[in-house]
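A short worksheet on the structure shown next.
Keep in mind that this is a model prediction, so the values were computed, not measured. Letters A, B, ... are given to chains in the order of the sequence lines, protein chains preceding strands, and every chain is numbered from 1. Because only heavy atoms are used, hydrogens play no part in the values below, and waters and symmetry mates are left out as well, while side chains stay in.
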2 protein chains.
Amino acid sequence: MPGRTDGVAACCPRLLTAPLDEDQAGELAKVFKALGDPVRLRLLSMIASRAGGEICVCDLTPAFDLSQPTISHHLKLLRQAGLIQSERRGTWVYYRLVPEMTDRLAGVLARPAGEPLPESAGAAS
Amino acid sequence: MPGRTDGVAACCPRLLTAPLDEDQAGELAKVFKALGDPVRLRLLSMIASRAGGEICVCDLTPAFDLSQPTISHHLKLLRQAGLIQSERRGTWVYYRLVPEMTDRLAGVLARPAGEPLPESAGAAS
DNA sequence: CGATTGCATTGATGTCCTTCGATATAGCTT
DNA sequence: AAGCTATATCGAAGGACATCAATGCAATCG
C-alpha cells in the first residue's frame, strides 16, 4: 500500500536540528512506534545480532512466553515498519535486519559532531 | 563522558549486537514509545532545535491544531521518558532537551564502526 | 495422496492511548 | 484582594493495540 514512498524522509530529518514537518513526523513515528514494545525490541535485537544475518522464526517463537500468532503479529509490524524483511526457504521463514532503516534512525537522533546543540552552544563561542 | 547513568540501561544495550534482556527491552521500549507519536516527535524537534536550548510552552501550543491540555499531556510523556526537562520561570514554563537520552538512543541503534553487522560480514571466518 | 509441521491470518476481548472539556494551580497585575 | 494569564490535572469517550484460540495456507514426509 504505501509501496515505495521516500521512506522515513527525504534524506535526513535531523530531529535535533530543525523542526520536523508533519509528514516527516508521521513517517518517523510509525517506525519509532514499532520499536515501542519490549517484545518487538527483543525480536529485533535477536534478528540483528544473529551470526549469519538471519534467523528462523522457529528460533524466535520459543524464546518468548507468548503464543505463536502473537510473535507472528509482532514480526509483521516490524516488517511493515521497514526494520526487517523476510524470506521463505522451504518450510521455514527467515528474518533479517534492514540496516538502512536503523542507520537512518540513528542519524535522526544524532547531533552532528562539531555542531553542538543550541543548549551547549550558548557558552561555546 | 557519562559512564553509567541510570535509566535506559547500564551502559550500552547495543540493540544490533547482542540480544536484549527483558529489563533492557522494557526500559528502552518506554522511550521509543514516547517517540512513537507524530505530535511528540514534532514537539521534541521544536524543543531541541530552538536557539538558546529552550522553548516556552506558550510557543509550542499554538503550533498545533490540538487543545492545550493535549499538548501538556504529550510534554508530560516526553518528560517522563527522560527526553526533556522543564523549568518554571515566572508565569511561563520552559522545556529543554536532555541530550544524554537522545545520545543513548542513537548509540543503541548504531552499529559499531569496523564491526559490521553479521549480514554484511557474510559470517566471515 | 493424506498426515504433519511451520507460519500467517482471522475474530474476539481486555487494556492502553489520544483527545477533549472542565477545572485546578501558579504567578503576574491592577 | 480580585482578576487575568499560563500551565497542569481530572474524568470521560472513542479508537488503537496486544494477546489469544481457532483456522487457513504452504511445504515436507510417509
field: Distance in angstrom units between Tyr94(B) OH and dA6(D) P, rounded
entry: 11 Å

message: What is the distance, to the nearest angstrom, from the CD atom on Glu87(B) to the C1' atom on dA8(D)?
response: 17 Å

- prompt: If you round to the nearest 0.5 Å, how far is CG of Leu97(B) from CD1 of Ile55(B)?
  reply: 12.0 Å

message: Quick one, Arg104(B) with Glu27(B), criterion salt bridge (Lys or Arg N to Asp or Glu O under 4.0 Å). Give me CA distance, side-chain angles, the key distance, then yes/no.
response: CA-CA 12 Å; Arg104(B) 172 144 41 191; Glu27(B) 293 289 336; over 6 Å; no

query: Among dC20(C), dT7(D), dT19(D), which is the nearest nucleotide to the side chain of Ser67(B)?
result: dC20(C)

query: If you round to the nearest 0.5 Å, how far is CG of Leu43(A) from CG of Leu77(A)?
result: 10.5 Å

query: Between His73(A) and Leu66(B), which is nearer to the 5' end of DNA chain C once each is assigned its nearest nucleotide?
result: His73(A)

query: Is the cationic atom of Arg79(B) (NZ for Lys, CZ for Arg) positioned less than 6.0 Å from the six-membered ring centroid of Tyr95(B) and within 45 degrees of its normal?
result: no

task: Using whole Å, report how far CG of Leu78(B) lies from P of dT18(C).
output: 10 Å

message: Please classify the nucleic acid contact of Leu60(B) as base, sugar-phosphate, or nothing, using heavy-atom distances under 4.0 Å.
response: nothing

query: Taking atom P of dT9(C) as reference, at what distance in whole Å does atom NE2 of His74(A) sit?
result: 15 Å

- prompt: Thr91(A) has a side chain; which of dA8(C), dA27(D), dG21(C) sits nearest to it?
  reply: dA27(D)

query: Do the side-chain N or O atoms of Thr70(B) get closer than 4.0 angstrom to the phosphate oxygens (OP1, OP2) of dT19(C)?
result: no

Length of the NZ-P vector between Lys76(A) and dA8(C), whole Å: 10 Å

statement: Closest of dA18(D), dC20(C), dA8(D) to the Tyr95(B) side chain is dA8(D)

- prompt: Leu43(B) has an atom CG; how far is it from atom P of dT19(C), in whole Å?
  reply: 10 Å

query: Does the dA8(C) base have a donor-acceptor partner in the side chain of Gln68(A) within less than 3.5 Å?
result: yes

query: Could you give the CZ-to-C1' distance, from Phe32(B) to dC17(D), as a whole number of Å?
result: 19 Å

- request: Using a 4.0 Å heavy-atom cut-off across all strands, classify Arg40(A) as base, sugar-phosphate, or nothing.
  value: sugar-phosphate

message: For Cys58(A), is there any backbone N or O sitting under 3.5 Å from a side-chain donor or acceptor partner on Thr61(A)?
response: no

message: Heavy atoms from C-beta onward define the side chain here; which of dT7(D), dA21(D), dA18(D) lies closest to that of Pro69(A)?
response: dA21(D)

- prompt: Nearest-Å distance, CD1 (Ile71(A)) to C1' (dG6(C))?
  reply: 14 Å

query: Relative to the 5' end of DNA chain D, which residue comes earlier, Lys33(A) or Arg88(A), by the nucleotide with the nearest heavy atom?
result: Lys33(A)

